[in-house]
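To start, the structure itself, in structure tokens.
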Amino acid sequence: MGKRYLVTGGAGFIGSNFIRYIMAKYPDCEVVNLDKLTYAGNLDNLKDIGKHPHYRFVHGDIADRQLVDQLMSGVDYLINFAAESHVDRSIGRPDDFIQTDIFGTFVLLESARKHSVEKFIQISTDEVYGSIDQGSFKETDPLMPSSPYSASKAGADRLAFSYHITYKLPVIITRCSNNFGPYQYPEKLIPLFVTNILEDRKLPIYGDGQNVRDWIYVWDHCDAIDFILAHGDLGEVYNIGGGNEKTNLEITKFMLNKLGKPDNLITYVDDRLGHDRRYSLDCSKLKRLGWRPSNQLETALNETIDWYASNRWWWEKIKSGEYLDYYKSQYGSELS
Ligand code: NAD
Ligand code: DAU
């Protein structure tokens, strides 16, 4: 019998990739996926795995104490991906970010404390450090989050740490940079722009397009989490970066070029409020432990663009708004 994983938010972008990753690597593991299926949760992301005998989907909220307590029994590894994840939405309406990202994490921590969970991985983000003009953030640098999203993630990050210090809960915290890859909701820069290019729609660049993000292929992120589960020290924080810092304009031009579309699809729009200029991580701690990403940006981005080009079935219904009717007809029985 392999390890028993409770993956929260496993119907989202990174969580679904992580479930696919571990189920391929550890055929005898058991996975329970607890997901509320917000607008970002999508059972299509795990269509190939949905009926696997070692996999169970549970439709529910991480803030539901009773449900979480039921599911926590017998869990070896808890990986908390569940969150409201989009910065723009947090600027418009932060409420759910506070509720899920902070309170939901609190409920998971409390429940894990009552059960003998072997490891609790809190998936935090590089955004908790805020913006940096030069140099790179180390794990010991102060947290200066600048959006309601990153502030709620910073709250959860430190709350998880406090449960390690106070109650000796076996917590490890990861702070990863910007992910890209298959099954990313088309509100985030790369899937939004690739699908817009495929539809000859405009590409709304915020501000001057010179904001810098460090891009990592989602499979490398999953690999790093798996590595940290095996080799990370309890109570520690690990930065996970791709080592690929690019301006938004550079990424956009790469995608236009790959799909053979003109630069005049780019349109400059008002900047995001509080828009962080640059994210940059010092990943030497994880490197010393023995992990580094194995995918190159150009290759992985080309493959990702190809994936969106050949999987229109996945994103067209999301963008057209026909998604909800389809969803009920496909997955109605799993939603009770
Ligand atoms: P996503 O928005 O694609 O997925 C989030 C998932 O969480 C969805 O399936 C949603 O239904 C679920 N969810 C939301 N609220 C819930 C609740 N109350 N109870 C149960 N499930 C709930 O997000 P993502 O991009 O896959 O990010 C996953 C995690 O990784 C988040 O914690 C995010 O902060 C973190 N992260 C993301 C990135 C990135 O580049 N996308 C980088 C670093 C860290
Ligand atoms: O850094 C990790 C974070 O990366 C994660 O914690 C978040 O969950 C994830 O959403 C992502 O946050 P960003 O704000 O960096 O990602 P987003 O794709 O929204 O934007 C990337 C950059 O592109 C950012 O500088 C804003 C810009 N942008 C984005 C969109 C959607 C545009 O210029 N136009 C757009 O339409």
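Both counts, for ligands and for their atoms, begin at 1 and track the order of listing. All of these numbers come straight from a predicted model, not from anything done at the bench.
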| query | Going by the order shown, which atoms of ligand 1 are within less than 4.0 Å of some heavy atom of Gly60? | reply | 19 (N), 20 (C)

| task | Can you establish whether the number of heavy atoms outside Arg272 located under 6.0 Å from its atom CZ is more than 12? | result | yes

| note | Among non-hydrogen protein atoms, atom 16 (O) of ligand 2 lies closest to Asn178 ND2, 3.5 Å

| message | Heavy-atom distances under 4.0 Å decide this one: backbone, side chain, both or neither, for Lys188 against ligand 2? | response | both

| Does the ring center of Tyr5 lie less than 6.0 Å from the ring center of Tyr77? | yes

| query | Counting both backbone and side chain atoms, is some N or O of Pro204 under 3.5 Å from an N or O of ligand 2? | reply | yes

| query | Closest non-hydrogen protein atom to atom 23 (O) of ligand 1, residue and atom name please, with distance? | reply | Ser85 OG, 3.2 Å

| If you measure from atom 10 (C) of ligand 1 to every heavy atom of Thr38, Asp126, Asn42, which option wins on shortest distance? | Thr38

| message | Minimum distance, heavy atoms only, to atom 5 (C) of ligand 1: which one of Gly181, Ala40, Ala11, Ala83 is it? | response | Ala83

| Among Arg277, Arg175, His275, Arg278, closest by any non-hydrogen atom to atom 25 (O) of ligand 2 | His275

| task | Tell me, please: is Phe81 in heavy-atom contact with ligand 1, that is, under 4.0 Å? | result | yes

| task | Please could you name the atoms of ligand 2 that His86 approaches to less than 4.0 Å, counting only its heavy atoms? | result | 19 (O)

| Minimum heavy-atom distance Leu108-Met72, with the two atoms named | O-CE, 3.7 Å

| field | Nearest-option assignment for atom 27 (C) of ligand 2, heavy atoms, candidates Leu249, Asp88, Asn211, Asn248 | value | Asn248

| What protein heavy atom sits nearest atom 1 (O) of ligand 2, and how far off is it? | Asp126 OD1, 2.5 Å

| said: Show, in sequence, the C-alpha distance, side-chain angles and deciding distance for Tyr279 and Asp276, and conclude whether the side chain to side chain donor-acceptor pair (under 3.5 Å) test is met. | reply: CA-CA 8 Å; Tyr279 296 140; Asp276 284 331; 2.6 Å; yes

| task | Write out the residue and atom name of the closest protein heavy atom to atom 12 (O) of ligand 2, then the distance separating them to 0.1 Å. | result | Glu127 OE2, 2.7 Å

| task | Step by step, work out the side chain to side chain donor-acceptor pair (under 3.5 Å) result for Tyr129 and Arg175. | result | CA-CA 9 Å; Tyr129 296 112; Arg175 297 182 185 146; 2.9 Å; yes

| query | Got the closest protein heavy atom to atom 4 (O) of ligand 1, with its distance? | reply | Gly12 CA, 3.4 Å

| What are the two closest heavy atoms between Ile173 and Ser124, and how far apart are they? | CG2-CB, 3.8 Å

| Pairing of Lys319 and Glu199 as salt bridge, 4.0 angstrom limit | yes

| field | Tyr185 ring center near Trp315 ring center (under 6.0 Å) | value | no

| With a cut-off of 4.0 Å, which atoms of ligand 2 are near a heavy atom of Ile205? | 33 (O)

| message | How far is atom 41 (N) of ligand 1 from the closest protein heavy atom, and which atom is that? | response | Ile14 CD1, 3.7 Å

| What atoms of ligand 2 come closer than 4.0 angstrom to any heavy atom of Glu187? | 31 (C)

| query | Polar-atom distance check: Ala82 versus ligand 1, any N or O pair below 3.5 Å? | reply | no

| said: Given Tyr268, Tyr206, Tyr279, Tyr185, identify the one with the heavy atom nearest to atom 33 (O) of ligand 2. | reply: Tyr206

| message | Between Glu245 and Arg278 (salt bridge meaning N to carboxylate O under 4.0 Å), is one present in this structure? | response | yes

| field | Sub-3.5 Å N/O-N/O distance, Leu34 and ligand 1 | value | no

| said: Any heavy atom of Lys153 closer to ligand 2 than 4.0 angstrom? | reply: no

| query | Of all the non-hydrogen atoms in the protein, which one sits nearest to atom 19 (O) of ligand 2, and at what distance? | reply | Arg272 NH2, 2.9 Å

| Atom indices of ligand 1 within 4.0 angstrom of Leu37 heavy atoms, with elements | 11 (O)

| task | For Tyr55 and Asn33, run side chain to side chain donor-acceptor pair (under 3.5 Å): C-alpha distance rounded to whole Å, both residues' side-chain angles, the deciding distance at 0.1 Å, then the answer. | result | CA-CA 8 Å; Tyr55 168 81; Asn33 172 12; 3.0 Å; yes

| What is the nearest protein non-hydrogen atom to atom 21 (C) of ligand 2, stated with its residue, atom name and distance? | Leu189 CB, 3.8 Å

| task | Go through ligand 2 atom by atom and flag the ones less than 4.0 Å from a non-hydrogen atom of Phe193. | result | 34 (N), 36 (O)

| request: Tell me, please: is Thr8 in heavy-atom contact with ligand 1, that is, under 4.0 Å? | output: no

| field | Numbering as shown, the atoms of ligand 1 that approach Thr125 to under 4.0 Å (heavy-atom distance) | value | 43 (C), 44 (C)

| request: Just say parallel, tilted or perpendicular for the rings of Phe18 and Tyr21, cut-offs at 30° and 60°. | output: parallel

| request: May I ask you to check whether Lys188 has an N/O atom sitting below 3.5 Å from an N/O atom of ligand 1? | output: no

| Backbone or side-chain N or O of Tyr149 under 3.5 Å from ligand 2 N or O | yes

| field | Proximal candidate to atom 8 (C) of ligand 1 [heavy atom criterion; set Asp35, Thr174, Asn179] | value | Asp35

| remark: Note: ligand 1 atoms sitting under 4.0 Å from heavy atoms of Lys153 are 31 (C), 32 (O), 33 (C), 34 (O)

| Mutual orientation of the aromatic rings belonging to His59 and Phe57 [parallel < 30°, tilted 30-60°, perpendicular > 60°] | parallel

| task | Indicate, as side chain, backbone, both or neither, the part of Val87 found under 4.0 angstrom from ligand 2 when only non-hydrogen atoms are considered. | result | side chain

| query | Evaluating non-hydrogen atoms only, which member of Gly15, Gly9, Ser124, Ala156 is closest to atom 7 (O) of ligand 1? | reply | Gly9

| request: Select one of side chain, backbone, both or neither to describe which atoms of Leu192 lie under 4.0 Å from any atom of ligand 2, heavy atoms only. | output: side chain

| said: I'd like to know if Ser177 contacts ligand 1, where contact means a heavy-atom distance under 4.0 Å to any ligand atom. | reply: yes

| query | Between Ser85, Gly207, Ala83, which one has a non-hydrogen atom sitting closest to atom 7 (C) of ligand 2? | reply | Ser85

| said: If you take the nearest heavy atom of each of Ile123, Val87, Asp61, Asn178, which one is closest to atom 18 (N) of ligand 1? | reply: Asp61

| request: Using distance alone, determine whether Phe13 and ligand 1 share an N or O pair under 3.5 Å. | output: yes

| said: Do Ser85 and Lys153 pair up side chain to side chain, a donor and an acceptor below 3.5 Å, judged on atom types alone? | reply: no

| query | If you measure from each non-hydrogen atom of Arg175 to ligand 1, which part falls under 4.0 Å: side chain, backbone, both or neither? | reply | neither

| task | Please write down residue, atom name and distance for the protein heavy atom closest to atom 19 (N) of ligand 1. | result | Ile62 N, 3.0 Å

| query | At under 4.0 Å between heavy atoms, which part of Tyr149 makes contact with ligand 1: side chain, backbone, both or neither? | reply | side chain

